[in-house]
Amino acid sequence: AQSVTQLDSQVPVFEEAPVELRCNYSSSVSVYLFWYVQYPNQGLQLLLKYLSGSTLVESINGFEAEFNKSQTSFHLRKPSVHISDTAEYFCAVSGRGYNFNKFYFGSGTKLNVKP
Amino acid sequence: KAGVTQTPRYLIKTRGQQVTLSCSPISGHRSVSWYQQTPGQGLQFLFEYFSETQRNKGNFPGRFSGRQFSNSRSEMNVSTLELGDSALYLCASSLGQGAMNEQFFGPGTRLTVL
């Protein structure tokens, strides 16, 4: 089985400042890793994912995350945040090679970008 | 292409009642998964359906059940509702099985049990 820990439940940050949202996972098998974003009253949207290859993955809106196998981490970073980035962010893990969809989600981190 | 739709968006029920939630996946998607989201427990996997068969199930009591129809639409049912069942229920669809297939989430159905 897998599990995900997001240590920070809330992260306040000023606009244009950098931010890092932390995610650690545990798993007995190799994994795929994901970050999802949830805006108020909406479902989850995929932000970025690590399946294989380069350990650094990027999203189209400036976020990036790096898969660190030795530290079992997949932290999400953005060098300069915008007000519109205010949302809740979820890290998720799924077992590699499974022929079914079963994602384990972290408890979420609320990013609050202040002007 | 239309996204994942869930109906109803909001629902209020009383303890002991039962409820049915509906999910229409993106056209062409054959896999539908259900999740329960609560402030205390976060997002928890309920079950997944593919080609009308339940392929995987989370750790929920038997009061939670679901099904998938031949057009891939899915329903989940909760019987004998309890206060703790109040949650946002999210449906996600994907083309196929396996985490390499991106899951697309619907807006959810917010269930309140009084």
Side-chain angles (χ1 to χ4, degrees), chain A residues 1-10 21-25 27 29-53 57 59-60 67 74 87-110, chain B residues 2-7 9-10 21 23-26 29-51 53-60 68 74 87-110:
Chain A
Q2 296 90 43
S3 67
V4 178
T5 302
Q6 292 181 246
L7 291 171
D8 307 303
S9 60
Q10 298 195 46
L21 307 184
R22 295 179 292 170
C23 171
N24 288 88
Y25 70 92
S27 176
V29 299
S30 297
V31 298
Y32 298 130
L33 293 157
F34 307 81
W35 275 100
Y36 283 85
V37 58
Q38 186 176 34
Y39 298 100
N41 299 315
Q42 294 186 28
L44 277 68
Q45 300 173 34
L46 179 65
L47 191 60
L48 47 74
K49 61 185 176 183
Y50 170 75
L51 301 181
S52 64
V57 291
S59 72
I60 59 173
F67 169 51
F74 191 54
E88 190 160 16
Y89 293 79
F90 293 89
C91 182
V93 64
S94 182
R96 179 185 292 273
Y98 288 174
N99 64 349
F100 50 78
N101 293 331
K102 185 172 182 179
F103 287 69
Y104 294 86
F105 285 85
S107 53
T109 298
K110 290 184 179 177
Chain B
V4 178
T5 57
Q6 292 186 246
T7 56
R9 290 292 311 276
Y10 301 91
L21 311 181
C23 171
S24 293
I26 291 172
H29 285 194
R30 297 171 61 193
S31 172
V32 174
S33 300
W34 288 89
Y35 293 85
Q36 181 195 63
Q37 186 178 19
T38 59
Q41 300 295 321
L43 275 153
Q44 296 186 88
F45 173 79
L46 279 157
F47 27 64
E48 181 205 2
Y49 286 88
F50 183 82
S51 293
T53 303
Q54 187 181 93
R55 298 302 177 105
N56 203 4
K57 193 177 190 304
N59 295 324
F60 280 82
Q68 186 180 34
S74 177
L88 180 67
Y89 289 88
L90 293 167
C91 164
S93 76
S94 62
L95 270 173
Q97 291 191 285
M100 291 188 72
N101 294 282
E102 180 178 345
Q103 289 200 95
F104 293 82
F105 284 81
T109 293
R110 184 164 297 282

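Lettering follows sequence order; numbering is per chain, from 1. Values below: every heavy atom of this structure, side chains too, minus hydrogens, waters and symmetry copies.
- In this structure A:Glu88 satisfies the side-chain hydrogen bond (donor to acceptor under 3.5 Å, both in side chains) test with no other residue, sequence neighbours excluded.
- B:Gln37 contributes atom CD, which lies 9.0 Å from atom CZ of A:Phe105 (distance to the nearest 0.5 angstrom).
- Only the side chain of B:Arg9 comes within contact range of chain A, with at least one heavy atom under 4.5 Å from a heavy atom of that chain.
- Checked against salt bridge (Lys or Arg N to Asp or Glu O under 4.0 Å), A:Arg22 has the following partners two or more places apart in sequence or in another chain: A:Asp8.
- For B:Tyr35 and A:Phe103, the ring centers are positioned 6.0 Å apart or more.
- The side-chain hydrogen bond (donor to acceptor under 3.5 Å, both in side chains) test applied to A:Thr109 returns A:Gln6, not counting sequence neighbours.
- Only the side chain of A:Phe90 comes within contact range of chain B, with heavy atoms under 4.5 Å apart.
- Listed in order of number, the residues of residues 45-53 of chain A that approach chain B to under 4.5 Å between heavy atoms are A:Leu46, A:Lys49, A:Leu51.
- No other option in B:Leu88, B:Leu43, B:Leu90 has as many heavy-atom pairs under 4.5 Å with chain A as B:Leu43.
- Pairing each heavy atom of B:Phe105 with each of A:Leu44, the nearest pair is CB-O, 3.3 Å.
- No side-chain heavy atom of A:Phe34 sits less than 4.5 Å from a side-chain heavy atom of B:Gln103.
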